[in-house]
Amino acid sequence: MLFHVKMTVNLPVDMNPERAAALKADEKALAQRLQAQGKWRHLWRIAGLYANYSVFDVDSVQELHDLLMQLPLYPYMAIEVNALCRHPSSIHEDDR
Ligand SMILES: O=C(O)CC1=CCC(=O)O1
C-alpha cells in the first residue's frame, strides 16, 4: 500500500541546539534504515520549507501509523497523509 505523506517540522525556537542535532541525527538514521528496507520509497525536500514529501510502501495503515509515530521528530511534526492507488494511465507496472 502506497501513501503520500507531507511532514512539516516545527522545532521550538528555544530548543537546545544539541538536542535538536541529536533528534535530526536519529531521524536521519531511521529514515535511511526504512529507505534501505523499501518502506520509505521517496523522500523529497519541499523547496524553501523545513518540510518533506515522502512516499511510504507499507502493508497496512497500522504499519504506516506505527512508523510515523516512532519518528524521533514526530512530536514536532505536522503530518498529512494521502492514500495512493494505481492510475490507469501509469506506465509503471510496479506501482501498486
Ligand atoms: O528534514 C525533514 O524533512 C524531516 C526528516 C525526515 C527524514 C529525515 O531525515 O528528516
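Starting from 1, each residue takes its place in the sequence as its number. All ligand and atom numbering here is 1-based and tracks the order in the structure.
Within the structure, the side chain to side chain donor-acceptor pair (under 3.5 Å) test picks out the following pairs touching residues 21-39 (sequence neighbours left out): Lys39-Glu63.
In this structure Phe3 satisfies the ring-ring contact (aromatic ring centres under 6.0 Å, His included) test with no other residue, sequence neighbours excluded.
Each of Val5, Val55, Asn52 was compared with His42 under the side-chain contact (heavy atoms from CB on, under 4.5 Å) criterion, and only Val55 meets it. Checked against Met7 for a side-chain contact (heavy atoms from CB on, under 4.5 Å), the options Leu73, Leu71, Leu43 give a single hit: Leu71.
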Short N or O separations between ligand 1 and the protein, below 3.5 Å:
from, atom 1, to, atom 2, distance (Å)
ligand 1, 1 (O), Arg45, NH1, 3.3
ligand 1, 1 (O), Arg45, NH2, 2.8
ligand 1, 3 (O), Arg45, NH1, 2.7
ligand 1, 3 (O), Asn52, ND2, 2.8

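Using a 3.5 Å distance cut-off with no hydrogens or angles, the side chains of Asp66 and Gln70 do not pair a donor with an acceptor.
Cluster note: Ile46 groups with Leu49, Tyr53 through ILVMFWY side-chain heavy atoms spaced under 4.5 Å, whether in direct contact or through intervening members.
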